[in-house]
Amino acid sequence: MHTVQVDTPGGHYPIHIGRGRLAALADSIPADATAIAVVTNTTVAALYGAPVKAALAATGKPLTWLELADGEQHKTFESLNQIFDALLADARDRKVVLVALGGGVVGDMAGFAAACYMRGVRFVQVPTTLLAQVDSSVGGKTAINHPRGKNMIGAFYQPQAVEIDPAVLATLPAREVSAGLAEVIKYGMIADAPFFDWCEAHVAALRALDDDAVAYAIRRSCELKAQVVSQDERESGLRAILNFGHTFGHAIESGLGYGAWLHGEAVGCGMVLAARLSVRECGLDPAVAERIQALVAAIGCPVQAPDLGPDRWFELMRVDKKNEGHHIRYVLLPALGRATVQAVDDARVRPLLPAGNLGA
Ligand code: NAD
Ligand code: GLY
């Protein structure tokens, strides 16, 4: 097992990475917990419900078990309320410990429920997608979507522990693997050029879920994310670099309807656009932008942006938590492995978007 430590003002906790962590889940439940509430979805429950129940039975604690509907389109207030209903129906007190068992959708919602229930109860992240293992389970961002904008309602709320068992990735559809790899390669682009080189060299092994390649990718991604969030938990500056490609990506997700493109796919395509914008705005070597596009394609994510209509892109990108006033702020790369955040006028972005010249 490998451990990565996260240290933020909002909490200090370990990320445990290793095969067998699912079976050892009881270790992460604090002794004084009065009950455990597992929040998962119907897909993950069918695959891992039985082993997780068996692992948690070792604690001898009462269990609330909730299976939400699967999908980004269910990352809503209604699903959140189902979690509160289940906790209240079982009369769970402040010492209940929530367990988020699933991908980023379940993790973000269960974390937000933990932040709100009785003004805050403890929770453990048990991420079961590659994307959640390398990104969403770490750092304490929790949220639901609003029809007008992605992740617009939420809280910063750190888990007690993150338990990552790479063995569960064996059942993940190939498209979800590709989406998770988008967040892996992001870390190389924004903070670690040698890791980007390594990803280029190991893309086939990563897509094939080779044990050693995936273990290293998860570990390095968690280390890089832990470094960033430990310096800037609440995104007052540095943390925004983790949103590279997300300004465009979130617009794609909400513009096409949640769930049409996977989050990682939208981020992958968004990183291609952000790299092209970086060439125009902050001198990124065009050859690096080409490498970024080639790697996004190689992991199996789309590189061709959808046509949302030129004005609609900006309408959507104006609903972004990084923005100040009406200026859209983008994460840009002056060089591979280095990121910055700056406002860019719409007129300079427009030509990069599908049919952008029509609206200019
Ligand atoms: P997801 O949670 O929808 O999971 C993807 C699909 O895989 C779902 O159908 C799920 O049921 C299924 N699944 C999960 N584990 C599986 C397994 N082991 N085997 C087979 N199928 C499995 O999507 P995601 O990509 O994990 O997460 C995307 C979400 O994460 C988005 O809502 C995004 O906004 C959020 N996110 C949050 C952060 C953060 O810092 N909090 C960071 C990145 C993304
Ligand atoms: N995924 C972006 C962040 O955690 O800040």
Side-chain angles (χ1 to χ4, degrees), residues 6 8 22 39-49 51-52 67-76 79 100-112 115 125-145 149-152 154-159 162 164-184 186-187 190 209 221-222 224-226 228-229 231-247 249-250 253-254 258-259 261-268 301 321-322 331:
V6 184
T8 68
L22 214 60
V39 179
T40 186
N41 71 25
T42 48
T43 307
V44 177
L47 292 165
Y48 300 107
V52 167
E67 296 176 18
L68 298 171
D70 186 5
E72 183 74 38
Q73 65 277 27
H74 298 291
K75 195 176 172 183
T76 57
S79 298
L101 173 70
V105 170
V106 162
D108 280 13
M109 285 196 293
F112 190 28
Q125 287 275 16
V126 186
T128 62
T129 62
L130 180 59
L131 186 139
Q133 295 189 345
V134 300
D135 191 353
S136 62
S137 63
V138 175
K141 275 190 181 175
T142 73
I144 55 171
N145 296 329
K150 173 96 179 135
N151 293 334
M152 275 293 148
F156 288 100
Y157 194 69
Q158 303 294 339
V162 182
I164 299 179
D165 189 336
V168 302
L169 302 180
T171 52
L172 202 61
R175 190 177 163 200
E176 299 288 351
V177 173
S178 294
L181 287 174
E183 300 281 13
V184 171
K186 174 191 77 179
Y187 293 111
I190 60 171
L209 292 178
S221 299
C222 288
L224 288 163
K225 181 148 188 188
V228 172
V229 300
Q231 290 174 68
D232 179 20
E233 180 190 22
R234 291 186 166 242
E235 202 169 304
S236 46
L238 177 70
R239 186 169 180 164
I241 68 171
L242 296 172
N243 268 303
F244 181 59
H246 287 57
T247 308
H250 285 168
E253 285 188 85
S254 48
Y258 296 120
W261 280 32
L262 302 181
H263 175 73
E265 292 173 333
V267 167
C301 283
K321 295 181 287 309
K322 286 188 299 304
V331 182

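Numbering starts at 1 and runs along the sequence shown. What's counted below: heavy atoms across the whole structure, side chains too, no hydrogens, waters or symmetry copies. Just follow the structure's listing: the first ligand is 1, and inside any ligand the first atom is 1.
If you number the atoms of ligand 2 from 1 as listed, the ones under 4.0 Å from a heavy atom of Lys141 come out as 2 (C), 3 (C), 4 (O), 5 (O). Counting the atoms of ligand 1 from 1 in the order shown, those under 4.0 Å from a heavy atom of Lys150 are 31 (C), 32 (O), 33 (C), 34 (O). Annotation for ligand 1: atoms under 4.0 Å from non-hydrogen atoms of Lys75 are 31 (C), 32 (O), 33 (C), 34 (O), 35 (C). Near Thr43, meaning under 4.0 Å from any of its heavy atoms, are these atoms of ligand 1: 11 (O). Atoms of ligand 1 found under 4.0 Å from any heavy atom of Asn41, numbered from 1 in the order shown, are 10 (C), 11 (O). In the vicinity of Tyr48, heavy-atom distances shorter than 4.0 Å reach the ligand 1 atoms 18 (N). Near Leu47, meaning under 4.0 Å from any of its heavy atoms, are these atoms of ligand 1: 19 (N), 20 (C). When each atom of ligand 1 is checked for a heavy atom of Lys225 under 4.0 Å away, the hits are 40 (O). Short contacts between ligand 1 and Asn151, defined as distances under 4.0 Å to a heavy atom of the residue, involve ligand atoms 34 (O).
Closest protein heavy atom to atom 30 (O) of ligand 1: Gly104 CA, 3.3 Å. Protein heavy atom nearest atom 6 (C) of ligand 1, with residue, atom name and distance: Glu176 OE2, 3.3 Å. Remark: minimum distance from atom 15 (N) of ligand 1 to any protein heavy atom is reached at Thr128 OG1, 2.7 Å. For atom 17 (C) of ligand 1, the closest non-hydrogen atom of the protein is Thr171 OG1, 3.5 Å. In terms of protein heavy atoms, atom 9 (O) of ligand 1 is closest to Asp70 OD2, 2.7 Å. Looking at atom 36 (N) of ligand 1, its nearest protein heavy atom turns out to be Ser136 CB, 3.6 Å. Shortest contact from atom 22 (C) of ligand 1 to any protein heavy atom: Leu172 CD1, 3.6 Å. From the protein, the heavy atom lying nearest to atom 31 (C) of ligand 1 is Glu72 OE1, 3.1 Å.
The N/O atoms of Lys225, backbone and side chain alike, include one that comes under 3.5 Å of an N/O atom in ligand 2. Close N/O approach between Asn243 and ligand 2 is not found [any backbone or side-chain N/O within under 3.5 Å].
Using a 4.0 Å cut-off between heavy atoms, Lys141 contacts ligand 1 through both its backbone and its side chain. Neither the backbone nor the side chain of Thr142 has any atom closer than 4.0 Å to an atom of ligand 1 (non-hydrogen atoms only). In Asp135, the part holding a heavy atom less than 4.0 Å from any atom of ligand 2 is the side chain. Counting heavy atoms closer than 4.0 Å to ligand 1, residue Val44 contributes side-chain atoms (C-beta onward) but none from N, CA, C or O. In Leu131, the part holding a heavy atom less than 4.0 Å from any atom of ligand 1 is the side chain.
The shortest separation from a heavy atom of His246 to ligand 2 is not under 4.0 Å, leaving the residue out of contact.
Between Glu183 and Val267, the shortest heavy-atom distance links the atoms OE2-CG2, 4.0 Å.
Among Asn145, Thr129, Val105, the residue whose heavy atom lies nearest to atom 12 (C) of ligand 1 is Thr129. Heavy-atom proximity to atom 42 (C) of ligand 1, evaluated over Val177, Asp135, Val168, is greatest for Asp135. Across Thr40, Asp108, Ile144, heavy-atom proximity to atom 35 (C) of ligand 1 is greatest for Asp108.
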So Val126 and Leu22, side chain to side chain contact (heavy atoms under 4.5 Å, CB included) or not? Walk me through it. CA-CA 8 Å; Val126 186; Leu22 214 60; 3.6 Å; yes
Would Leu130 and Glu176 count as a side chain to side chain contact (heavy atoms under 4.5 Å, CB included) if you check the C-alpha gap in whole Å, the side-chain angles of each, and the deciding distance to 0.1 Å? CA-CA 8 Å; Leu130 180 59; Glu176 299 288 351; over 6 Å; no
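Each of Glu72, Lys321, His246 was checked for a side chain to side chain contact (heavy atoms under 4.5 Å, CB included) with Lys150, and the lone residue meeting it is Glu72.
Using modelled atom types and a 3.5 Å distance limit, the side chains of Tyr48 and Thr171 yield a donor-acceptor pair.
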